[in-house]
4 protein chains.
Amino acid sequence: MSAGVNKVILIGNLGKDPEVRHLDNGATVANFSIATTESYKDRNTGQRVDQTEWHNIVLWRGLAEVAEKYLKKGDSVFIEGKLRTRSWEKDGVTRYTTEVVGDQMTMLGNKRGGSDDNNQDYSSNNNDSGMGRSQQTASAASNTPDTDSEMDDLPF
Amino acid sequence: MSAGVNKVILIGNLGKDPEVRHLDNGATVANFSIATTESYKDRNTGQRVDQTEWHNIVLWRGLAEVAEKYLKKGDSVFIEGKLRTRSWEKDGVTRYTTEVVGDQMTMLGNKRGGSDDNNQDYSSNNNDSGMGRSQQTASAASNTPDTDSEMDDLPF
Amino acid sequence: MSAGVNKVILIGNLGKDPEVRHLDNGATVANFSIATTESYKDRNTGQRVDQTEWHNIVLWRGLAEVAEKYLKKGDSVFIEGKLRTRSWEKDGVTRYTTEVVGDQMTMLGNKRGGSDDNNQDYSSNNNDSGMGRSQQTASAASNTPDTDSEMDDLPF
Amino acid sequence: MSAGVNKVILIGNLGKDPEVRHLDNGATVANFSIATTESYKDRNTGQRVDQTEWHNIVLWRGLAEVAEKYLKKGDSVFIEGKLRTRSWEKDGVTRYTTEVVGDQMTMLGNKRGGSDDNNQDYSSNNNDSGMGRSQQTASAASNTPDTDSEMDDLPF
DNA sequence: TTTT
DNA sequence: TTTT
């Protein structure tokens with residue numbers, strides 16, 4: 001349950017390879033940034049100006065493992081997720097970082113060849129990351145039994 | 001896994017009370033229509049014209065039960081789901097119906113009072129429909145053990 | 001103004017080349033279908049089953065011209081738009097067709113080579129379809145002055 | 001044109017009344033925060049925990065004026081927009097703030113009565129804010145002629 | 001830091 | 001009718 005809706009939909013390119021950490025509790029987390037660019041005409045100069053926005057993406061468990069395995073700098077991805085703002089201290093100053101915690105990801109191609117052949121969608125619910133289901137879930141949350149989605153074998 | 005993205009986001013009002021069926025296999029399904037209205041200025045007359053679009057919504061299991069219990073004609077809801085077109089025969093003619101299969105629902109208020117007090121979000125993954133979790137899941141898919149989302153007790 | 005929200009977000013592949021018509025009033029309209037595929041595990045057989053959904057896309061004016069020029073069978077596109085159900089008579093029977101009227105399109109690559117090089121976004125508001133703005137708008141709605149979006153030269 | 005997609009969809013409640021500024025160039029800008037709450041079950045305690053996320057909203061021109069006129073602390077709104085991260089200096093430290101720049105808003109009701117009667121949608125393109133169209137646009141960008149959307153008098 |  |  002939750003009050004309200006918190007949804008982000010992005011298509012952009014990775015600025016660098018993902019940074020992936022394997023936590024002590026068995027969970028995997030991936031961090032990377034993707035860029036979206038909007039261009040507009042400057043009122044005064046009449047010139048086209050590109051404005052690039054960088055989005056911090058966080059993926060957990062199965063999605064993080066897919067990112068680790070398949071995503072590289074420059075790749076194009078569709079990310080669906082939610083906004084989350086974290087605060088942290090540095091030099092006695094509280095700082096805030098807003099991230100997009102992804103729960104759905106589709107790889108949209110890269111320049112390494114075979115762009116469309118890799119166009120697949122992953123969600124944080126079903127753990128169909130190509131390495132086999134149980135393996136997938138196990139590495140995402142080691143002490144969680146892989147019975148998380150009996151209902152996703154129904155087409156609705 | 002899936003190739004592509006199929007997502008619908010609607011906010012509209014129910015034209016009638018939901019029709020709810022309890023299937024033999026224990027599943028519950030709710031059907032209702034919601035209206036969204038767009039107004040535009042007619043080029044010739046200069047008059048404002050309202051154009052109302054009706055959307056056929058289908059909800060399964062826990063969401064259907066929430067709809068049965070709480071949704072009435074006129075209520076405003078947020079629905080997130082996917083498009084699905086079904087075909088059926090009638091008088092030897094194949095007909096098509098496009099529906100929105102909801103996987104997320106938020107009630108946005110009604111005119112019966114208590115609008116905001118009821119503003120709650122439901123998803124087809126967690127079965128938090130107010131009647132208790134196990135009960136909820138049981139009625140949605142009778143022979144499915146209620147272990148569907150050990151991971152939703154993590155805030156990410 | 002409009003009451004409610006009516007939004008569709010799709011990523012899929014064209015089943016055929018777009019059908020493009022140039023209307024007498026100067027407007028261009030493009031029609032094509034895109035497929036999204038979801039796969040699920042059949043409860044009884046345990047087999048993976050692919051379920052493909054076909055979406056009827058309609059694009060107007062500038063977007064239609066971009067489609068005419070750049071989209072081909074098999075191409076992958078991101079489409080954002082709204083649902084619209086039309087009714088029409090045939091043999092005395094009223095039939096309904098639900099379409100997605102696109103107002104935003106991003107080409108996500110194809111198999112003809114240069115996938116990412118063509119990854120550009122178009123909207124029904126700015127008419128930046130690569131052939132020059134005024135030209136674009138003129139063909140989209142011949143008797144409409146190209147002053148439609150002075151505000152889109154601001155980056156917010 | 002733009003490369004990629006940058007879209008945010010929120011439904012939440014205002015934490016305070018909007019702060020509205022009327023700039024020297026005639027533009028109006030509104031800032032406010034809305035909260036979305038997600039609840040999850042803590043693994044260890046088994047308790048339900050509410051996690052509230054605050055989103056910084058920025059609205060310009062017509063939307064800002066609608067916010068100034070109609071939105072109050074506690075009100076529920078639907079916001080569609082895009083993410084934008086700004087940086088600013090303070091005490092020699094660069095700080096970042098991520099905001100949602102809204103381009104669509106629907107008021108979903110309040111506790112002051114008349115919830116549904118006020119359920120209307122506004123966009124940053126058409127300036128239909130109830131005070132009359134030209135007035136609306138004029139205050140949003142004083143030196144911009146009100147010819148911005150001849151095409152929005154077509155229902156597609 | 002990406003991409004067009 | 002596409003795609004993986």
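In this text the structure is predicted, and so the values were computed from the model without any measurement. All chains are named by letter (A, B, ...) in the order of the sequence lines, taking the proteins before the strands, and each is independently numbered beginning at 1. The figures that follow rest on heavy atoms only: side chains count, while hydrogens, waters and symmetry mates do not.
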Considering only E/dT1, F/dT1, E/dT2, which nucleotide approaches the side chain of A/Ser33 most closely? E/dT1
Check: C/Asp17 and C/Phe32 side chains under 4.5 Å, non-hydrogen atoms: no
Interatomic distance where CD1 belongs to A/Ile57 and C1' belongs to E/dT1 [whole Å]: 13 Å
Applying salt bridge (charged side-chain N to carboxylate O under 4.0 Å, His left out) to B/Glu80 and not counting sequence neighbours gives A/Lys7, B/Lys7
Specify the separation, in whole Å, of atom CG of A/Asp75 and atom C1' of E/dT1. 14 Å
Among E/dT1, F/dT3, E/dT2, find the nucleotide with the atom closest to the side chain of C/Asn13. F/dT3
Only one of A/Ile34, A/Asn110, A/Ile57, A/Thr106 clears side-chain contact (heavy atoms from CB on, under 4.5 Å) with A/Val77; which? A/Ile34
Which nucleotide in the set F/dT2, F/dT4, E/dT2 lies at the smallest distance from any side-chain heavy atom of C/Ala35? F/dT2
In whole angstrom, what separates A/Met107's CE from E/dT2's P? 21 Å
Heavy atoms only, 4.0 Å cut-off, all strands: where does A/Lys16 land among base, sugar-phosphate and nothing? base
Side-chain atoms of residues 91-100 of chain C: list all donor-acceptor pairs with protein atoms under 3.5 Å, sequence neighbours left out, distances to 0.1 Å.
{"from": "C/Thr94", "atom 1": "OG1", "to": "C/Glu89", "atom 2": "OE2", "distance (Å)": "2.7"}
{"from": "C/Thr97", "atom 1": "OG1", "to": "C/Trp88", "atom 2": "NE1", "distance (Å)": "2.8"}
{"from": "C/Thr98", "atom 1": "OG1", "to": "C/Thr85", "atom 2": "OG1", "distance (Å)": "2.9"}
{"from": "C/Glu99", "atom 1": "OE1", "to": "C/Arg84", "atom 2": "NH2", "distance (Å)": "2.9"}
{"from": "C/Glu99", "atom 1": "OE1", "to": "C/Arg86", "atom 2": "NE", "distance (Å)": "2.7"}
{"from": "C/Glu99", "atom 1": "OE2", "to": "C/Arg86", "atom 2": "NH2", "distance (Å)": "3.0"}

Can you measure C/Ile34 atom CD1 to F/dT3 atom P for me and round it to whole angstrom units? 13 Å
F/dT2, E/dT3, E/dT1: which one has an atom nearest the side-chain heavy atoms of A/Thr37? E/dT3
Atom-to-atom span, CD of A/Glu38 to C1' of E/dT4 - whole angstrom: 14 Å
Whole-Å distance separating the CD atom of C/Glu19 from the P atom of F/dT2: 15 Å
Taking 5.5 Å and 30° as the limits, would you call A/Trp54 and the base of E/dT1 a stacked pair? yes
Would you kindly give the CG-to-P distance between A/Leu108 and F/dT4, to the nearest whole Å? 13 Å
Under a 3.5 Å threshold, yes or no: a donor from one side chain and an acceptor from the other, between A/Asp121 and A/Gln104? yes
How many Å lie between CG on C/Asn110 and P on E/dT4, as a whole number? 13 Å
Checking all strands, does A/Thr52 fall into the base, sugar-phosphate, or nothing category for heavy-atom contacts under 4.0 angstrom? base
